[in-house]
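I have placed the structure first, in the form of structure tokens, so that the comments after it can refer back to it.
In listed order, ligands and their atoms are each counted from 1.
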Amino acid sequence: MNILTIIEKKKNKQELTKEEIEYVVNGFLKEEIKDYQMSSFLMAVVLNGMTIEETFYLTDVMLKSGDVLDLSSLKDKVVDKHSTGGVGDKTTLIVAPLVASLGVNVVKMSGRGLGHTGGTIDKLEAISGFKTSISKNQMLDQVKKIGVCIASGSASLVPADKKIYALRDVTGTTSSIPLIASSIMSKKIALGANDIVIDLKVGNGALMKDIKDAKLLAHYMIEIGKRYQKNVVCVLTDMNEPLGKAIGNGLEVKESIGVLKNHGDEKLKKLVLTLAGHMVEKGLGISFDEAYQKCQTNLENQKAYQKFEELVKWQGGNIDDICISSNVISLKSPSTGFVNKIDALKLGNLAKILGAGRIKEDDNIDYGVGFVLNKKVGDYVLEGEELVKIYTGKTDLLLEDVVSCFSITNNGVEKESIIIDVIG
Ligand code: URA
């Protein structure tokens with residue numbers, strides 16, 4: 001077997017065998033297959049796809065590249081969640097402590113930014129001292145004590161995903177159903193929860209641009225879940241505009257704290273309550289409506305926020321020290337009208353250029369930079385009124401590029417519902 005024939009086979013749209021997929025992933029891990037060869041293989045998968053069978057083999061070899069967590073020592077049920085990624089997507093920061101505040105364990109392994117989308121781990125690292133890399137025993141110990149842990153996972157959990165994910169981020173190989181399904185499902189299976197809720201984002205700012213592809217991705221993840229006796233629920237959610245108001249690591253932590261204190265953007269809150277509702281439904285074995293209500297109560301009475309404080313403290317962070325740039329530019333609207341569209345993809349990429357994400361694998365993140373939107377789709381704005389605040393010390397930023405992300409028209413537009421569908 002050799003990597004060139006396997007790349008050639010995928011280039012010619014042929015189905016790969018289990019052995020061939022194992023050869024690629026294990027060879028890449030052992031560094032016998034080089035980054036440039038793996039990038040070429042990944043691009044062939046992006047362009048020509050994989051069957052569910054191939055995607056299952058890919059998931060399985062990634063899963064077997066490391067250890068799995070044994071959750072049998074936990075007395076309360078564990079429920080997991082994952083997002084396929086979007087712009088301004090800070091749901092894990094809110095959902096994980098919220099669900100844990102209701103007695104359902106959350107052992108969460110999160111990622112860094114991918115493509116134009118942000119990553120939970122980068123966001124948490126905007127909190128001074130917050131440790132995201134912890135051993136699996138520490139993860140379990142923390143969950144036993146406080147019911148929640150969010151980590152990048154120890155090096156021993158799904159190392160193949162870490163290495164492939166980092167390469168995908170910088171080689172334009174992010175938007176692919178089999179690559180996303182295997183990346184997410186290998187981590188979810190390794191973490192051991194039987195119930196998994198996926199926030200499957202659809203739209204301009206998501207990896208899945210249309211509902212047809214999003215439904216296919218849901219189908220792949222549900223089918224792969226079944227092979228490991230896992231129950232997967234996919235909540236399809238709108239990502240045609242950034243989620244909430246903040247984009248950028250520290251800014252998103254701050255916005256999450258607002259929601260945990262029951263303030264903030266209504267759509268973001270609705271999404272958080274829906275995801276948490278599905279998790280608590282599974283975790284406590286109650287109806288979705290009852291679970292949703294319980295989640296709402298724990299935002300109102302600040303129990304979710306207290307759990308977040310506990311989480312930050314346990315992982316060494318100082319909640320009073322969140323990195324946010326002190327240089328702020330207020331960008332005004334060039335015209336009067338209704339905000340008809342906000343280009344989430346472009347704003348996500350601009351945030352990355354500001355330093356909120358990586359262009360090269362070894363780039364350092366600037367945790368303090370980003371945007372806070374003062375207007376969202378459907379809002380009325382006057383000429384000269386603030387559209388967005390830009391947090392940056394960079395003076396070479398093209399302000400016109402940021403303004404061009406907002407389309408302002410005379411006609412009002414409906415505010416889209418954040419929840420599109422629930423599958424599974
Ligand atoms: N989240 C992941 O963990 N992997 C992907 O490929 C996309 C989103």
Side-chain angles (χ1 to χ4, degrees), residues 25 28 38-39 41-43 45-46 49-50 54-56 58-63 65-66 80-93 95-96 106-124 132-133 150-154 157-191 193 196-203 205-209 213-214 216-222 224-225 230 232 234-237 239 243 275 344-345 348 352 357-358 361:
V25 174
F28 180 55
M38 190 63 177
S39 310
F41 171 77
L42 292 169
M43 188 55 86
V45 174
V46 170
M50 276 183 161
E54 288 174 291
T55 309
F56 165 63
L58 181 58
T59 308
D60 206 54
V61 63
M62 283 164 65
L63 170 68
S65 69
D80 205 349
K81 78 128 322 231
H82 206 86
S83 164
T84 56
V87 178
D89 181 8
K90 66 272 301 169
T91 52
T92 293
L93 304 182
V95 168
V106 182
V107 191
K108 180 80 182 77
M109 187 167 152
S110 290
R112 299 192 179 277
L114 184 67
H116 65 280
T117 69
T120 302
I121 292 305
D122 293 331
K123 296 176 214 253
L124 284 169
T132 53
S133 179
I150 310 177
S152 59
S154 68
L157 291 167
V158 208
D161 179 63
K162 280 197 193 66
K163 203 164 153 59
I164 296 173
Y165 192 96
L167 188 63
R168 284 172 60 211
D169 182 32
V170 292
T171 54
T173 52
T174 52
S175 296
S176 151
I177 289 172
L179 297 182
I180 298 171
S182 56
S183 162
I184 293 181
M185 292 309 292
S186 58
K187 289 185 288 243
K188 299 298 97 179
I189 311 294
L191 267 275
I196 301 158
V197 176
I198 308 275
D199 179 6
L200 208 167
K201 304 217 171 278
V202 197
L207 297 180
M208 292 294 100
K209 305 293 177 203
D213 281 349
L216 190 59
L217 175 58
H219 176 63
Y220 268 58
M221 289 195 281
I222 291 167
I224 289 170
K230 305 289 178 191
V232 178
C234 292
V235 183
L236 268 55
T237 68
M239 187 25 81
L243 182 62
L275 296 171
L345 174 62
K352 204 163 143 167
R358 297 173 188 78
E361 222 174 314

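Side-chain contact between Leu179 and Leu58 is present, with heavy atoms from C-beta onward closer than 4.5 Å. Contact of the Lys187 side chain with the His82 side chain is registered, since non-hydrogen atoms from C-beta on lie closer than 4.5 Å.
Applying the salt bridge (charged side-chain N to carboxylate O under 4.0 Å, His left out) rule to Lys163 yields the partners Glu31; only residues at least two apart in sequence or on another chain are considered. With sequence neighbours excluded, no residue forms a salt bridge (charged side-chain N to carboxylate O under 4.0 Å, His left out) with Asp169. Judged as a ring pair (Phe, Tyr, Trp, His ring centres under 6.0 Å), and not counting sequence neighbours, the contacts of Phe56 are Tyr228.
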Decide side chain to side chain donor-acceptor pair (under 3.5 Å) for Ser186 and Asp161; before the verdict, give the C-alpha distance in whole Å, the side-chain angles of both, and the deciding distance to 0.1 Å. CA-CA 8 Å; Ser186 58; Asp161 179 63; 4.8 Å; no

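Protein residues with a heavy atom under 4.0 Å from ligand 1 are His82, Ser83, Thr84, Leu114, Tyr165, Arg168, Ile180, Ser183, Ile184, Lys187, Leu207.
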